[in-house]
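Have a look at the structure below before the remarks.
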Amino acid sequence: MVQLRRQMLCCGNFLNQLQSNVRWSSSLQIRDKKVIQPERSFKYADLSVRLAGLEQLQPKPDVSALSFGKYFTDHMLKIFYHEALGGWQMPEITPFESLVLHPASKVLHYAIELFEGFKAYRGIDGKIRIFRPELNMERMNNSASRTGLPTFIGEELIKCCCRLISIDQEWVPHSIASSLYIRPTLIGIDPTLGVASSESALLYIILSPVGSYFKKKEQATGLSLLADPQYTRAWPGGCGNYKVGSNYGPTVYVQREATERGLQQVLWLYGEDNEVTEAGTMNIFMFCINDEGEKELITPPLSNRLILPGVTRNSILALAREWNQFKVSERKFCMSEVCQLLSENRLLELFGVGTACIISPISYIEFVGRPLHIPTMKQTNPVYKMFLKHLSDIQYGIIPDHPWAIPIE
């Protein structure tokens, strides 16, 4: 018990590691430091803890039975914001419980909310690590600024989150095929109607042990996608580059259509030239032989703000540039290029990337009734597997002391 309490209280050298090795601290092109107001942020030093009683503890699921987002741990973090009370209130860890909201809360009427997702991994050495959480905090603050919600100091929330994970550490799966999904959420809770910035808000974090996002069959055969130009996920000047719930709800209808056609996800296109943007909820990469005869890894750019600045996307770009084995480009590409490369046997791989799935190969696209068989799974040494192995090795401590993997002491 003494050792457990010591672990619960010690998030110590994590911040030092967070700031080390500048070479790996590549930006997501977002503006955390410009939008936060340090003097108004909550502080980890003010965190209080109310542990669940024995009768409130839930049985832990078998690792083999884990699916995405079905099970939740025994505790959660809650931090209220009330402008009338001076801003952020003291953070509190409580037993996992339902939320009580006024029926007029802004989140229920105008989708004034945002969320994030990152993971904690139990390494082969038994240590628990979280993967690049500072980038999630930057993106969360940027989303908050866009939606009229209060911002905060990201490092303070990370420390609160580390304490929460320490308390529920036995929920982190003892498996290198599973992890603990961390879902920070920020919602507007003003008890008044009217589209305006929120003067009251609730930031909370819940934890969920998860297995693979896609089924084993999908991982073995690759994903199939519906690419239908009549549906658009995001547009210039919109909110496609923010992680807000209103980006996801309207996609359910299209996802259902894909499922009815026997396909697994949607390939989102934009504009008259069918610009490729995202695959389902994932960033997308294309690996091909370009017009100069060299191998090239391509992903859509962040500059037009059509896509989410993903942490996994950022990590793959950083690794690819570090390895320097092929050309790496962040540029626009359209379905016409995909089709041409495929017809000339120069399209080698397509894969989606994200926190939930990590990396998922794509093997088939249905585009305006045209079947496109992508040879991702036919490559002898596919690059998607190379990235997947390296990221997993970092996350599970096989590559020790990597600056992207922050240990929770």
Side-chain angles (χ1 to χ4, degrees), residues 1-25 44 47 49 51 57 60-64 66 68 71-77 93 116-137 154-184 205-213 311-312 314-315 318-319 355-356 358-359 387-409:
M1 179 60 73
V2 172
Q3 184 180 4
L4 177 59
R5 293 293 178 183
R6 186 178 297 118
Q7 290 173 331
M8 287 164 53
L9 290 169
C10 187
C11 294
N13 54 5
F14 136 84
L15 275 181
N16 291 331
Q17 183 162 354
L18 194 67
Q19 297 167 354
S20 67
N21 203 327
V22 177
R23 179 168 61 91
W24 292 103
S25 61
Y44 168 71
L47 176 68
V49 177
L51 296 175
L57 301 180
K60 297 174 180 62
D62 187 272
V63 171
S64 62
L66 291 177
F68 190 82
Y71 303 98
F72 297 93
T73 69
D74 296 318
H75 297 87
M76 63 189 298
L77 173 73
I93 290 174
E116 273 299 327
F118 56 106
K119 288 180 177 179
Y121 303 83
R122 189 180 298 277
I124 58 171
D125 54 2
K127 291 183 179 180
I128 297 172
R129 297 172 175 85
I130 52 179
F131 185 75
R132 309 195 76 184
E134 74 282 3
L135 297 186
N136 296 93
M137 297 300 101
E155 289 90 342
E156 298 297 324
L157 184 58
I158 296 174
K159 287 189 283 186
C160 290
C161 181
C162 287
R163 178 76 177 276
L164 177 63
I165 296 169
S166 293
I167 291 172
D168 281 345
Q169 61 184 272
E170 284 308 312
W171 284 86
V172 183
H174 293 255
S175 165
I176 59 170
S178 305
S179 55
L180 185 72
Y181 186 76
I182 303 161
R183 173 53 66 89
I205 295 180
I206 53 178
L207 310 174
S208 175
V210 297
S212 298
Y213 189 76
V311 175
T312 308
N314 177 285
S315 302
L319 289 174
T355 296
I358 311 301
I359 299 177
F387 287 121
L388 180 59
K389 181 181 186 305
H390 199 85
L391 287 175
S392 296
D393 286 352
I394 292 172
Q395 291 160 346
Y396 290 101
I398 297 170
I399 298 175
D401 304 321
H402 195 283
W404 286 351
I406 310 302
I408 299 177
E409 301 296 338

*Which heavy-atom pair separates Thr312 from Leu391 by the least distance, and what is that distance?*
CG2-CD1, 4.1 Å
*From CD1 (Ile167) to CG (Leu77), nearest 0.5 Å*: 9.5 Å
*Going from NE2 on His75 to CG on Asp168, what distance comes out if it is rounded to the nearest 0.5 angstrom?*
5.5 Å
*What closest approach, in Å, do Ile406 and Pro133 show between heavy atoms, and which atom pair accounts for it?*
CG1-CD, 4.0 Å
_Could you work out, with ring-ring contact (aromatic ring centres under 6.0 Å, His included) as the rule, every residue matching Phe118, not counting sequence neighbours?_
none
*Separation of Trp404 CH2 from Asn314 CG (nearest 0.5 Å)*: 7.0 Å
*Measure across Tyr44 and Cys160 and return the closest heavy-atom pair with its distance rounded to 0.1 Å.*
CD1-N, 3.7 Å
*Contact summary for Phe72 and Ile206, nearest pair of heavy atoms*: CE2-CD1, 3.8 Å
*Mark yes or no for whether Lys119, through its side chain, and Phe131, through its backbone, hold a donor-acceptor pair below 3.5 Å.*
no
*Looking at Ala120 and Ser179, what are the two nearest heavy atoms and their distance?*
O-CB, 3.4 Å
*Contacts of Asp393 that satisfy salt bridge (Lys or Arg N to Asp or Glu O under 4.0 Å) - sequence neighbours left out*: Lys389
*Working to the nearest 0.5 Å, report the span between CD1 of Ile398 and CD1 of Ile124.*
5.0 Å
*Is Arg122 reaching over with its side chain to a backbone N or O of Gln169, donor-acceptor style, under 3.5 angstrom?*
yes
*List the steps, then state whether side chain to side chain contact (heavy atoms under 4.5 Å, CB included) holds for Ile205 with Leu157.*
CA-CA 10 Å; Ile205 295 180; Leu157 184 58; 3.8 Å; yes
*asked:* Please find the pair of heavy atoms, one from Tyr181 and one from Thr355, that lie closest to each other, and give the distance.
replied: CE1-CG2, 4.1 Å
*Supply the atom-to-atom distance Ile358 CD1 to Gln395 CD, rounded to the nearest 0.5 angstrom.*
5.0 Å
*Could you tell me the separation between the SG atom of Cys161 and the CD1 atom of Ile130, rounded to the nearest 0.5 Å?*
6.0 Å
*Report the C-alpha separation of Glu170 and Lys60 in whole Å, then their side-chain angles, then the decisive distance to 0.1 Å, and conclude whether the side chain to side chain contact (heavy atoms under 4.5 Å, CB included) test is met.*
CA-CA 9 Å; Glu170 284 308 312; Lys60 297 174 180 62; 3.7 Å; yes
*Go through Ile182 and Leu164 one step at a time and tell me if the side chain to side chain contact (heavy atoms under 4.5 Å, CB included) criterion holds.*
CA-CA 10 Å; Ile182 303 161; Leu164 177 63; over 6 Å; no
